[in-house]
Colleague: 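Below are the C-alpha cells for one structure; questions will follow.
Computed from a predicted model, the values in this text were never measured in an experiment.
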Amino acid sequence: MTSKFTELAIDCADPNALARFWCSVLDYEVQDEGDGIVTIGSRTVPEGRNRLGPVPPTLTFARVPEGKTVKNRLHLDVNPTDREQDEEVRRLLDLGARRADVGQGDESWVVLADPEGNEFCVLADRCP
C-alpha cells in the first residue's frame with residue numbers, strides 16, 4: 001500500500017487573493033472556501049483525491065496571523081505548456097508575481113515569488 005499526493009497546504013495572509021493568483025497560473029478553479037481557507041484544484045480532474053491513481057494536487061490556502069519570514073523550504077515548479085519560458089514569465093509577472101533571488105545563479109529556470117512572497121520556479125522546458 002502507498003500514499004498519493006493529493007494536496008499542498010499553504011499558509012498565507014489573504015487566502016482569496018492568493019487562490020485567485022494560483023488559479024490564473026495553473027488554470028485551476030476554486031473548489032471550496034470558507035472560514036479563512038480556500039481550496040483550488042484542476043478543472044479537468046475535479047474529483048481529485050477521490051480518484052484512483054495519481055491526480056493533480058489541490059492547493060489549500062489557509063489564513064494565518066504570521067507573515068513569511070525566510071526562503072521557502074518547499075516550492076512549486078511550473079512548466080509552460082503553450083508558450084516559451086520568457087513569455088510565461090511575462091504573463092506571471094503581469095498576474096502579480098515578482099522576480100526573486102534565492103541565490104540560484106545562472107540557471108535554466110527563473111525564480112519568481114507569488115504576491116505573498118512564496119518562491120516558485122518557471123522551468124525552461126515545455127511540458128503538455
Colleague: Do Q31 and T58 touch side chain to side chain, with heavy atoms closer than 4.5 Å?
Modeller: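 Contact flag for Q31/T58 side chains = yes.
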Colleague: Can you check whether V110's main-chain N or O pairs, donor with acceptor, with Q104's side chain at less than 3.5 Å?
Modeller: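 Absent.
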Colleague: Show the nearest heavy-atom pair for residues V30 and C23, with the distance to one decimal.
Modeller: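 Reported closest heavy-atom pair: N-SG, 3.9 Å.
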Colleague: Mind checking the OG1-CD spacing from T44 to E29? Nearest 0.5 Å is all I need.
Modeller: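 Atom-to-atom, T44:OG1 and E29:CD are 9.0 Å apart.
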Colleague: Distance from D94 atom CG to S24 atom OG, nearest 0.5 Å?
Modeller: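 Reported to 0.5 Å precision, the distance equals 11.5 Å.
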Colleague: Consider only side-chain heavy atoms of I, L, V, M, F, W and Y, link residues closer than 4.5 Å, and tell whether V89 and V111 are in one cluster.
Modeller: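 No, separate clusters.
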Colleague: Test side chain to side chain contact (heavy atoms under 4.5 Å, CB included) on L76 and D114; report intermediate values, then the result.
Modeller: CA-CA 11 Å; L76 300 178; D114 72 17; over 6 Å; no
Colleague: Please confirm whether W22 and F120 have ring centers closer than 6.0 angstrom.
Modeller: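 Yes; F120 has its ring centre under 6.0 Å from that of W22.
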Colleague: Between the main-chain N or O of L93 and the side-chain N or O of R99, is there a donor-acceptor pair closer than 3.5 Å?
Modeller: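 No.
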Colleague: Which heavy atom of F21 sits nearest to which heavy atom of A97, and what is that distance?
Modeller: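 Looks like CE1-N, 3.7 Å.
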Colleague: Quick one, L8 and P57 - any side-chain contact, counting heavy atoms below 4.5 Å?
Modeller: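 Counting from C-beta outward, L8 and P57 never come under 4.5 Å.
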Colleague: For A62 and P15, work out which heavy atoms get closest and say how close.
Modeller: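 Scanning both residues, the minimum pair turns out to be C-CG, 4.1 Å.
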Colleague: Should L92 and L95 count as side-chain neighbours, where that means a heavy-atom distance under 4.5 Å?
Modeller: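 A side-chain contact under 4.5 Å exists here.
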Colleague: Heavy-atom distance under 4.5 Å between the side chains of T39 and E7, does that happen here?
Modeller: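 No, side chains not in contact.
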Colleague: Please lay out, stage by stage, how N72 and V102 fare under the test side chain to side chain contact (heavy atoms under 4.5 Å, CB included).
Modeller: CA-CA 10 Å; N72 294 7; V102 294; over 6 Å; no
Colleague: Is there a side-chain contact between C121 and H75, using heavy atoms and a 4.5 Å cut-off?
Modeller: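 Side-chain contact under 4.5 Å: yes.
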Colleague: When you measure from the side chain of E88 to the backbone of D82, do you find a donor-acceptor pair of N or O atoms at a distance under 3.5 Å?
Modeller: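 No; zero donor-acceptor contacts below 3.5 Å.
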Colleague: Would you say the side chain of V78 lies within less than 4.5 Å of the side chain of L26, judging by non-hydrogen atoms?
Modeller: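 Result yes, sub-4.5 Å side-chain heavy-atom pair found.
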Colleague: Please say yes or no: joined through hydrophobic side-chain contacts below 4.5 Å, possibly via intermediate residues, are I40 and L74 part of one cluster?
Modeller: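 Yes; tracing contacts between hydrophobic side chains, which count when under 4.5 Å, links both residues.
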Colleague: Check D14, D11, I10 against F61 for a side-chain contact (heavy atoms from CB on, under 4.5 Å) and give me the one that passes.
Modeller: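 Exactly one pass, corresponding to I10.
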Colleague: Within the 4.5 Å heavy-atom criterion, are R43 and D27 side-chain neighbours or not?
Modeller: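 They are in contact (side-chain heavy atoms under 4.5 Å apart), so the answer is yes.
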Colleague: Does E119 come within less than 4.0 Å of R73, counting only side-chain N to carboxylate O?
Modeller: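 Result for this pair is no, no salt bridge flagged.
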Colleague: For D35, I'd like to know if atom CG has over 12 heavy atoms of other residues, nucleotides or ligands within 6.0 Å.
Modeller: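 Counting other residues, nucleotides and ligands, CG of D35 stays at 12 neighbours or fewer.
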Colleague: Hey, does T60 have a side-chain heavy atom less than 4.5 Å from the side chain of V38?
Modeller: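 The answer is no; the side chains never approach within 4.5 Å.
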Colleague: Minimum heavy-atom separation for R98 and G117, please, with both atom names.
Modeller: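 Between these two residues, the closest heavy atoms are NH1-CA, 3.7 Å.
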Colleague: Return the minimal non-hydrogen interatomic distance between N118 and K68, and the atom names on each side.
Modeller: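 Closest approach of N118 to K68: OD1-CD, 3.5 Å.
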